[in-house]
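Below you'll find the structure, written out as structure tokens, and then a few comments.
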Amino acid sequence: MLPYHNYVTGERAVETINRMIDYVHAGNRLFYDIYSDAEKRADTRKNNTGLFFFRGEAGRPFAVVCPGGGWSYVGAIHEGFPLAIALSEMGYNAFSIQYRTGGAQVACEDLAAAIDFILHHAGELQVSTEDYSLWGGSAGARMAAYLGSYSTQGFIEADNPRPAVVVMGYTSHTDYTRNDPPTYVVIGDNDGIASASVMQRRVENLNALGIDAEFHLFPSLRHGFGLGIGTSAEGWEKDAVKFWEKYIFRKNGNSDRK
């Protein structure tokens, strides 16, 4: 059911679902609509869009995780929810986005709307509006990169700050600008869908522009590994958070990035 993902197990999927059930039973709101009823009536494809919120510490920065799926499905059960849960356990407020399928344009419009929603409801959500990050795997990594390059105003009528950091997993995304945020990239050396050399070259191009970017290649690893539990990539998200934290804690915690 998840053809663009590997290392998917029923045991971990059930564990993730049970974690979400327990989260709701503990009195937490899990899902937030990002579109109004009028917007959903105008485009019924927006009925199933929104944000799953895994709360970290109040007032800390947020991350939005964009699961992949080749624009044909949203692989949240393997790639979105587990990563968002892991980030929340590290104290950060984490969202996993459910976006429209069918192509990069509508998916990026949904991501832009989601970012705009979070920033305008930051008080209610108890999240910082400073130094947020975008994470994604495969098609989701393209979404994160596009919003890093062009921000929300590139896709909707909303002018918001760029993310402090973009974290990209296993994609052959080549587009970039000289205004791109610092970028952290992970990919396996046995990826039959995305090209590691393409990603490495993109990182080198960002570095040549003076943009902080890191490339991490993991041995014996296929496409769509998610958290990579039990593989050579296990724990990669902790290193990616350390990369993000360089831009959270710079200048004694004060951010001036636009």
Side-chain angles (χ1 to χ4, degrees), residues 1-20 52 54 63-90 94-104 107-108 111 133-146 166-175 183-203 213-241 243-244:
M1 293 179 66
L2 301 175
Y4 296 113
H5 292 88
N6 287 287
Y7 314 100
V8 181
T9 69
E11 180 182 2
R12 292 198 189 106
V14 170
E15 179 184 351
T16 296
I17 293 169
N18 285 336
R19 291 284 299 275
M20 295 167 71
F52 291 85
F54 299 89
V64 181
V65 180
C66 308
W71 313 124
S72 61
Y73 68 92
V74 181
I77 192 66
H78 174 64
E79 204 169 63
F81 302 149
L83 177 53
I85 290 170
L87 294 174
S88 72
E89 289 175 341
M90 287 184 265
F95 299 85
S96 180
I97 184 172
Q98 185 74 21
Y99 55 87
R100 285 172 290 171
T101 56
C108 287
L111 179 54
S133 61
L134 299 180
W135 302 56
S138 196
R142 292 179 182 268
M143 294 166 58
Y146 276 130
V166 167
V167 180
M168 301 174 66
Y170 37 82
T171 184
S172 296
H173 187 74
T174 56
D175 187 270
T183 301
Y184 188 96
V185 172
V186 294
I187 193 169
D189 69 356
N190 195 28
D191 194 315
I193 296 176
S195 168
S197 61
V198 167
M199 290 309 301
Q200 184 173 18
R201 186 159 56 251
R202 185 178 187 275
V203 166
E214 293 187 11
F215 174 79
H216 297 269
L217 182 66
F218 298 107
S220 305
L221 201 59
R222 301 192 301 277
H223 191 78
F225 54 77
L227 288 178
I229 296 172
T231 75
S232 60
E234 185 166 354
W236 72 265
E237 76 281 359
K238 296 180 177 66
D239 288 332
V241 165
F243 181 85
W244 179 22

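For clarity, every value in this text was computed on a predicted model and none was experimentally measured.
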Please test N6 against H223 for side chain to side chain contact (heavy atoms under 4.5 Å, CB included), starting from the C-alpha separation and ending with a verdict.
CA-CA 6 Å; N6 287 287; H223 191 78; 4.2 Å; yes
Intermediate values then yes/no, side chain to side chain contact (heavy atoms under 4.5 Å, CB included), R19 and I85
CA-CA 9 Å; R19 291 284 299 275; I85 290 170; 3.2 Å; yes
Where do I97 and V74 land on the side chain to side chain contact (heavy atoms under 4.5 Å, CB included) test, with the steps shown first?
CA-CA 9 Å; I97 184 172; V74 181; over 6 Å; no
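Rounding to the nearest 0.5 angstrom, the gap separating the CD atom in E237 from the CG atom in L227 is 5.0 Å. Atom OG1 of T16 is separated from atom CD of E11 by 10.5 Å, given to the nearest 0.5 angstrom. With rounding to the nearest 0.5 Å, the separation of CH2 in W236 from OG1 in T231 is 11.0 Å. Note: F225 CZ to I187 CD1 = 8.0 Å, rounded to the nearest 0.5 Å. In this structure, S138 OG and M143 CE are separated by 11.5 Å, a value rounded to the nearest 0.5 Å. The CG atom of D189 sits 12.0 Å away from atom OG of S197, with the distance rounded to the nearest 0.5 Å.
Ring geometry for W244 versus W135: interplanar angle over 60°, hence perpendicular rather than tilted (30 to 60°).
At least one side-chain heavy atom of R142 sits less than 4.5 Å from a side-chain heavy atom of S172. Proximity of D239 to H216: side-chain heavy atoms (C-beta onward) are nowhere separated by under 4.5 Å. For the pair M20/F54, a side-chain contact is recorded, criterion being any heavy-atom separation below 4.5 Å from C-beta on. In this structure, M199 and T171 have side chains that are in contact, with non-hydrogen atoms separated by less than 4.5 Å. With contacts defined as side-chain heavy-atom distances shorter than 4.5 Å, the pair I229/R12 qualifies. Within the 4.5 Å cutoff, the side chain of Y7 has heavy atoms near those of the L221 side chain. When side chains are defined from C-beta on, T174 counts as touching V198, because their heavy atoms get closer than 4.5 Å.
When all heavy atoms of P82 and A76 are compared, the pair lying nearest together is CD-O, 3.5 Å. Listed here is the closest heavy atom pair of A139 and G70: CB-N, 3.9 Å. When every heavy atom of A145 is checked against every heavy atom of R202, the shortest pair comes out as CB-NH2, 3.9 Å. When every heavy atom of A94 is checked against every heavy atom of S88, the shortest pair comes out as CB-N, 4.3 Å. Nearest heavy-atom pair across A107 and Y99 is CB-CD1, 3.6 Å. Looking at every heavy atom in both residues, V166 comes nearest to A144 through CG2-O, 3.7 Å.
No side-chain donor-acceptor contact under 3.5 Å links S232 to the backbone of F218. No donor-acceptor pair under 3.5 Å is formed between the side chain of Y73 and the backbone N or O of T101. Panel note: side chain S133, backbone A63; no donor-acceptor pair is recorded below 3.5 Å. Panel note: side chain D191, backbone R222; no donor-acceptor pair is recorded below 3.5 Å. Here the side chain of E234 pairs a donor or acceptor atom with the backbone of G230 at under 3.5 angstrom. Remark: side-chain polar atoms of H173 are paired, donor with acceptor, to backbone N or O of D175 under 3.5 angstrom. Within the 3.5 Å criterion, the main-chain N or O of S220 finds no donor-acceptor partner in the side chain of N190.
Y4 and H78 form no side-chain donor-acceptor contact under 3.5 Å, judged by distance and modelled atom types alone.
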